[in-house]
Structures are given as structure tokens and as C-alpha cells.
Amino acid sequence: MIPSYLEALNPEQRQAVLHTGKAAGDALMHPLLILAGAGSGKTRVITTKIAWLIREQGVDPRSILAVTFTNKAAREMAERARIIDDRAGFAMLRTFHSFGAWFLRRNGNLEGLGSNFIIYDDDDSVALLSTLLEDLPKAEVKQIAHAIARAKDYFLSPEDPELDLIDFHPEFRRYYTQYEDKLARIGNVDFGDLIKKPVEILRSNPEVARRFHDRFSVILVDEYQDSNIAQFELLKELCGPATYICVVGDDDQSIYRFRGAEVRNILEFPDRFAGADIIRLERNYRSFSPILDLASSVVDKNEGRLGKTLVAHRGVGKTPTLAFLPDQDAEAEFCAELIEKSVHKKAAVYSDWAILYRTNAQSLGFETEFLRRRIPYRVVGSLKFYEREEIKDALALLSFLVNPRDEIAFRRVVNKPARGAGTATVDRIVGEAAGGDPIPSGNPVPSGDLAEAARRIMPALPSKARAGVSAFFKALEGGLSMLTPEPPESAGDNNILIFNRNTVEASDENNNILYFNKKTAEAADGKKRPRKGSKREGLSAGEGLSPCVVRLIDDSGIGEYHRTHDDITGFQRIGNLQELANAASIYPATRAGLLEFLEHIELDRSIEQETGDEGEKGTVTLITVHNTKGLEFRRVIMTGIEQGIFPRDDKLGDDLEEERRLFYVGATRAMDELYLTSCAMRRMFGRTMPMKPSLFIGEADKNVLRIIGKPPFGFEGRGLPDQSSGRRPGVQGSVIKPVSSSDGRWKVGDRVFHDDQGYGAVTEIRESDEGPVIRVKFETGKDTRFLSLHQSSGYTKIGNDD
DNA sequence: TAGTTTTAAGTTTTT
DNA sequence: CTTAAAACTA
């Protein structure tokens with residue numbers, strides 16, 4: 001008797017769902033690796049599996065732990081599993097980091113960590129490190145901070161012999177040690193700690209490990225190819241003898257190596273988890289076959305892969321198109337026209353289209369062109385709301401309120417706006433707080449409290465500095481007064497799941513469920529909240545935690561500082577601060593609520609796109625290839641498929657393989673139609689540079705690629721149609737030539753490119769007072785002279801002789 | 001100490 | 001070109 005929700009699955013999917021890890025005549029648990037190719041329905045498999053385990057296997061939903069990498073994925077998974085069985089809502093569905101934070105709030109005391117820690121992001125880590133390495137240039141400090149983060153990803157401590165593999169700099173060990181010491185003194189953690197510390201606690205406290213083995217009988221991991229070594233270690237520690245572990249992933253979609261992701265985790269899963277079974281999901285329900293064939297033909301050039309063959313369930317469709325274009329302006333036009341035509345013919349709507357690029361900087365050209373043509377678009381991912389200065393300032397105030405030992409937050413805002421408390425004053429306060437004595441681990445002691453320290457040395461400060469410091473703490477007290485006292489143990493380890501944009505559900509350890517409706521919460525204040533750019537002075541307070549945030553921003557002078565500091569961006573900055581305050585309104589006005597708010601911000605920085613002005617035809621999506629993972633679009637244009645851009649020039653070996661996977665991820669987002677564009681030249685950093693077609697174009701199977709346009713020199717001759725007719729006359733501007741043949745000197749026969757005239761050849765060279773003058777015959781028939789302006793490595797630019 | 005000018009450099013980034 | 005950091009000046 002097969003439940004109806006299983007009937008929708010294909011045989012492999014069903015096999016993956018029905019696998020329980022128990023084999024006949026064998027008491028051991030068999031782990032499961034599901035190799036799920038792009039578009040093979042892996043989310044459906046995971047969610048169905050959760051529901052099936054609860055319904056048919058009698059698994060207690062509370063003993064299921066499902067980890068993902070993004071909050072979005074966690075939300076989607078929870079929603080979809082609950083559609084099949086509502087009890088799935090009791091399962092713990094979290095990101096790795098959110099699980100780690102939850103773990104540490106309850107068990108961090110075993111590592112000398114209080115439960116009120118703040119989570120530092122990468123910028124905070126750099127700021128902390130700069131207080132230790134004051135005389136080093138910022139760029140170097142950043143590099144070291146990055147190396148420390150990678151070390152933690154690889155589960156390496158300062159004393160690890162293998163640390164040299166991350167950074168062989170002789171001082172690195174010392175820097176890492178100092179960083180760890182200071183972080184521990186402050187009592188906060190960074191992202192890496194959220195994974196690394198739980199592993200350490202589980203290892204050194206067997207009774208804690210046993211408790212967790214009892215608690216979770218099933219562990220599911222999504223996007224396993226993006227896990228790092230520390231996360232692998234965490235999974236191993238969480239798995240007891242009776243734990244069933246099932247990981248889902250696709251080695252071809254591992255694209256976060258630069259952040260410590262380790263493809264070998266998935267490649268070597270069967271070796272690391274004994275008795276593992278492997279199930280392949282190779283039926284692709286998303287794309288037509290030529291799209292898959294093209295993507296596969298490129299990623300197939302990788303050596304380190306398990307290898308699989310995707311079969312297109314939808315069959316044969318339109319062949320992908322590669323367009324060679326002269327430059328990025330033509331590229332933007334090409335995309336715009338393609339989109340306009342399809343919408344005009346009613347073959348597609350705007351939201352069917354996505355423009356993919358390798359770097360965020362590439363979005364600008366498309367935005368300009370789309371604005372001009374009134375093509376509606378949205379840019380995904382480039383809004384770095386929480387990285388904005390004003391937001392970081394406000395968050396520093398809030399962080400300091402929660403943890404008065406937070407020197408980093410203190411330094412950031414104590415003298416902002418300028419109150420006469422400069423570095424000299426700050427250093428005195430910090431020195432007083434440090435007191436020379438290391439802080440006994442476990443309990444937050446006043447000796448590290450910066451507020452206490454400031455109070456102590458206040459009388460000794462010069463009057464100006466004293467007034468400034470006093471004003472700062474007065475503002476903090478104002479914020480603190482907006483919080484209501486509460487019994488200390490009421491929050492902190494709640495299991496919070498957000499199921500959709502409007503409903504927030506929180507359940508505590510006893511499964512008492514609390515619902516917050518964001519919309520009602522927002523409406524309850526009865527006031528119209530000012531939107532971005534409001535002319536209103538000051539910020540409006542909503543309910544919940546929001547009045548505290550508003551009070552802090554106002555009293556500290558941070559709001560005034562940003563409003564007056566820059567007329568143009570002032571409005572926007574105030575608007576951003578208002579948005580932050582609004583976001584706080586769904587949290588209770590208590591210390592615990594504040595802590596929850598800050599944790600939420602640190603761990604979920606995805607911002608729901610404002611889609612208010614979206615018409616019925618939707619909007620075109622502009623997005624980096626990285627950001628497309630997990631998404632799909634009917635029509636995709638992958639732009640800038642040029643050497644140096646995609647792949648980047650400096651990519652070799654494993655890094656190059658990752659770029660190939662990135663190409664694979666991008667291409668397999670397309671359901672119906674896929675286009676690639678490659679430019680012969682591109683303006684970069686204000687200069688025009690000649691570009692070569694991407695290595696991947698050479699590697700792609702030309703049987704599934706229709707080529708239009710004219711490739712740059714050296715890449716012609718594949719029987720490609722000519723596109724050079726119809727250029728307008730008149731030779732203004734300049735020509736450039738790639739320096740490939742000679743040392744930069746001109747020779748008769750050299751080939752050049754002109755923005756308007758296209759390609760041409762040098763027919764004559766003579767010397768003038770101002771340098772060499774060349775005569776060029778263009779393919780358009782034009783014959784013109786140019787004066788050489790300047791030369792530099794890689795290209796030569798020639799100005800018009802007029 | 002605070003603000004201004006000069007110079008240098010320029011991925012991707014779920015948490 | 002556009003941004004951030006170092007160097008410089010009031």
C-alpha cells in the first residue's frame with residue numbers, strides 16, 4: 001500500500017525516500033548519499049522523506065534534524081514538508097550556523113562562553129584584529145582575518161601543525177592565538193566558532209554528545225557539496241551509533257570553495273561514513289536536453305568529479321545560442337532586444353528572463369540599458385543592507401547594550417558623532433577594563449565591562465572627553481530604559497522557524513508554539529510608518545523592540561550624524577535606519593528580544609525583495625551566477641563569457657574546476673532557452689580592453705551551440721556567419737589592438753578594432769612629431785589615419801588623427 | 001583631532 | 001569609472 005504522496009515520485013526518488021538505513025540481516029545503520037543532479041527534484045525528495053519518516057516510520061518529528069546552508073532553503077523545506085504532514089513543523093530545520101548558535105547558547109558555558117554572546121561578522125573580525133595589529137595596513141589585516149576564518153572552516157586551531165596549509169606566514173599562529181584570546185575575553189563568537197566550538201564541546205564532553213545522540217535519530221543535510229571540514233566534523237560528532245544520516249548534494253554544483261567548502265566531503269562520503277549507500281537522481285525535470293548537454297560538456301572537463309549523466313525528461317528543445325558581440329554596450333542591447341522581442345510576441349513575460357553575470361559590477365550596463373528602454377528589472381543580491389555604515393553603527397549600539405565587554409562595538413560608536421573622546425580616551429577606558437587580568441572563563445565579570453571601566457576613570461578624564469563619554473553612556477541608558485525587565489531564563493534557546501514572509505513561529509523546548517504575525521504586528525501600531533525618503537524629522541517608533549532601537553539611534557546622535565553628514569544620502573540613510581527599527585518591532589522589548597533580534601540579523605541577511613511595482617509581466621532578474629543556485633528561469637542569458645571574466649584569468653587547477661562548476665550551475669538554471677554572450681572588448685576600470693572568448697566556449701560541445709556574430713581575431717573560421725555589414729560611416733574616436741604579435745610597435749598588417757568601424761588592418765606607418773601615425777583600412781571600406789596616443793601592457797590605444 | 005586631498009586598487013560570499 | 005584607504009593639512 002503506497003501512500004499517495006509517494007506516487008508522484010520516480011523510482012529513484014522513491015527509493016531515496018524509502019531508504020531507512022536499516023538493512024536485512026544487519027544491525028548497522030547505513031548512511032545515505034543522494035547524488036541529486038540539477039533539477040532532479042531533490043527538495044521534493046527531502047521533504048517527502050521527512051514526512052514519510054514521521055507518518056510511516058513513527059519517527060518523532062522532534063528527533064529529526066535537517067540542516068541547510070541558507071535560511072531560505074530552511075524555510076522552503078519546512079513549508080513543503082508541512083504540506084504533506086503538519087507534524088514536520090516540529091522537526092528542527094535550521095542552517096548549520098543557526099544550529100551552532102542554538103547549541104552554543106545552551107552549551108557554550110562548557111567552553112567558557114556565556115549565553116549572551118553576539119555573533120561577529122567578517123567585518124567585525126577584521127575590526128577586532130586591527131585592534132591587535134594596529135600598525136599593519138588594512139589590506140594585510142583583512143588577509144589575516146580571512147586566513148583565520150578559513151582555518152576555522154578547516155577545523156584548525158592555532159596550535160594545529162596543519163595550520164601552515166592555510167597560511168605559512170611565521171607570525172600567523174601568533175595572530176590567530178591573540179585573536180582567539182581577545183574574542184574569548186570579549187565573550188563573543190565569529191561565524192567559524194558557531195561550527196568549530198560545538199564540535200569541541202561534543203568531543204570533550206561525552207555526556208553532552210550522548211544527549212544529542214539521544215535527541216536526534218535522523219540527520220538530513222542539504223547541499224552537502226558546500227559543507228566545509230568543520231561542518232563534516234560536526235556531523236560526525238552528532239551521529240551516534242543509532243543515528244541515521246542522509247546527505248543530499250551534487251558535486252558538480254560545489255561553488256563555495258573560496259569560503260572553505262570542501263568538495264571532497266561529498267566525493268569521499270562513502271569512505272568517511274562506513275556502509276553508505278548511494279542513490280543517483282539523474283532525471284532532470286527542468287531543462288531541454290541541449291541545455292543539459294551543453295552544461296555537461298563543459299563540466300565534464302573536470303577531473304575531480306563523481307560523474308553522472310543527466311537525462312532530460314522534457315526532451316529536445318531549442319539549441320542554446322552563443323552571441324559574439326563587439327562590446328558590453330552591444331551586449332546590453334542584445335539582451336534588451338531579445339527580451340523585448342519575446343515579450344512583444346507574447347512568447348514570454350519579463351519574469352521568464354534572467355541575466356546572469358560573474359561579478360556584480362557587470363550589472364550596471366544592463367541596468368542603464370533597461371532603464372532607458374523601460375524594461376522592468378530587479379537586481380538580486382547586491383543590496384548589502386547590513387553592511388551599510390549607518391546600520392552597522394546602530395547594530396554596534398545594540399550589541400554593546402547586550403554585551404558591555406564588546407570593545408569592537410564600543411570603539412565604533414563611542415565617538416560617533418565626534419564628542420571629543422578620541423583614541424587616547426578610548427584606549428584609556430579599554431586599558432582600565434582589561435585591568436591586566438585575564439577574565440575567569442564562564443562568568444561575565446565586571447572587570448571586563450567597559451561601562452564600569454569608563455565610570456571608574458571618568459573623574460580623571462579631561463572635561464571635554466568626560467562630557468563626551470558621559471553623553472554616550474547616557475544615550476545607552478536611554479535605550480536600556482525602553483526594555484522591560486523579565487525573568488532571565490525565558491528566551492535564548494527558542495527554536496525559531498520562519499515559515500513565510502508574514503508568519504513567524506517560535507516553539508520552545510516543550511513545543512509550546514507561539515505565532516507572530518508580522519502584518520498584524522505592523523498594523524497594530526495604528527500608525528502609517530514613514531517609508532524611505534520621508535521628510536519627517538526623527539524616526540517613528542513602532543511597537544515591541546522598535547522604540548528601544550529608535551531611542552538609541554536618536555539619543556546617541558547616530559541618526560543626526562547620518563542625516564546631516566551628507567545631504568544626498570542622508571534621507572536614504574535615515575530611511576535605512578527606520579527600516580531597521582521597523583524590523584525590530586516583531587521582537588519583544590526585552591534583553592532576550594534584543595539578543596534574538598541581533599542573532600536573527602547576523603544569521604539571516606537575506607532581504608525580501610520589494611516587488612511592489614511589479615506588473616503582470618513581472619521583472620527581469622539581474623543576478624550573479626553564484627546567487628542563482630537553487631533557482632530556475634524559463635530563459636537565461638549568461639553574459640561576459642570571456643577569458644579573464646569567466647573564468648577569471650588567475651584561476652588554475654582546482655579553482656578553474658570550480659569556475660567550470662559555476663558555469664554548469666548557471667547554464668542548468670535555464671528551463672527553455674539559454675543564451676551566452678561574449679564580447680570582443682570590454683571597458684574595465686575606465687579603460688577598454690580587448691577580450692578573448694572564454695576557455696569554456698572552446699570546451700563546449702558545438703553540436704548543441706548555435707553561434708551568431710563575429711568572434712574576435714584568432715577565433716574565426718568555424719564557419720560562422722558574418723555580421724559586419726551596416727555600420728555607419730565617419731571615423732571618430734579611437735582604435736585598439738591586442739598586443740600579441742610584437743612588442744607594441746606597429747607593423748603593416750596589424751589588425752585593430754574600432755567602436756564604430758569594426759575590424760581593420762594597418763596599411764601604412766609613418767613617424768610624426770607626436771609619435772607614430774598609422775593608416776587603417778576598415779572592413780567597412782573606410783580608410784583613415786590615427787595618431788598613437790599611448791601604450792601600456794596588453795593593448796595599444798590609438799587616437800584619431802584629426 | 002577632524003576633515004580634506006591624493007593615491008591605489010578593483011571576485012564570487014548562502015552564514 | 002568608482003570606491004576605499006593612506007597621507008596630508010588646518
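A note on names: the letters A, B, ... follow the listed sequences, proteins ahead of strands, and every chain is numbered from 1.
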Under the rule for side-chain hydrogen bond (donor to acceptor under 3.5 Å, both in side chains), what residues qualify as partners of [X], not counting sequence neighbours?
X        : result
A:Arg412 : A:Asp393
A:Thr624 : A:Asn627
A:Gln643 : none
A:Asp427 : A:Arg411

For this session: If the plane angle is over 60° it's perpendicular, under 30° parallel, otherwise tilted; pick one for A:Phe269 and A:Tyr224.
Result: perpendicular
Name the nucleic acid region contacted by [X], choosing base, sugar-phosphate or nothing; use a 4.0 angstrom heavy-atom cut-off, strictly under.
X        : value
A:Phe96  : nothing
A:Ala73  : nothing
A:Arg358 : base
A:Asp193 : nothing
A:Thr423 : sugar-phosphate
A:Asp226 : base

Exercise. Does the separation of the ring centres of A:His97 and A:Phe69 fall below 6.0 angstrom?
Worked result: no
For this session: With DNA chain B as reference, determine whether A:Phe191 or A:His626 sits nearer its 5' end, using the nearest nucleotide of each.
Result: A:His626
Problem set entry | Nearest-nucleotide comparison on DNA chain B, the residue closer to the 5′ end among A:Thr425 and A:Glu659 | A:Thr425
Exercise. Once each nucleotide of nucleotides 5-10 of chain C is scored for protein heavy atoms under 4.0 Å, what B/S/- sequence comes out, 5' to 3'?
Worked result: SS----
For this session: Please state the P separation for the pair C:dA5 and B:dT12 - nearest whole angstrom.
Result: 16 Å
Seminar exercise, completed: For A:Glu237, the salt bridge (charged side-chain N to carboxylate O under 4.0 Å, His left out) test, sequence neighbours excluded, returns A:Arg203
For this session: Quick one: stems involving DNA chain B, counted as three or more successive Watson-Crick or G-U pairs, both distances short of 3.5 Å.
Result: B:1-10 with C:1-10
Length of the line joining [X]:[atom1] and [N]:[atom2], which is rounded to integer Å:
X        : N     : atom1 : atom2 : result
A:Arg682 : C:dC1 : CZ    : P     : 18 Å
A:Glu389 : C:dT3 : CD    : C1'   : 13 Å
A:Asp123 : C:dA4 : CG    : C1'   : 13 Å

Excluding sequence neighbours, so at least two apart, what forms side-chain contact (heavy atoms from CB on, under 4.5 Å) with [X]?
X        : answer
A:Thr628 : A:Leu356, A:Ile623, A:Val625, A:Val665, A:Arg669
A:Ala471 : A:Arg419
A:Glu699 : A:Val298, A:Lys301, A:Arg660, A:Leu695, A:Phe696

Output a table of donor-acceptor pairs, distance under 3.5 Å, between side-chain atoms of residues 134-143 of chain A and any protein atom two or more places apart or on a different chain; print 'none' if there are none.
none

Problem set entry | Over 12 non-hydrogen atoms of neighbours within 6.0 angstrom of CZ in A:Arg264 | no
For this session: Give me the first and last nucleotide of DNA chain B, going 5' to 3', that has any atom under 4.0 Å from a heavy atom of chain A.
Result: B:dT1 to B:dT15
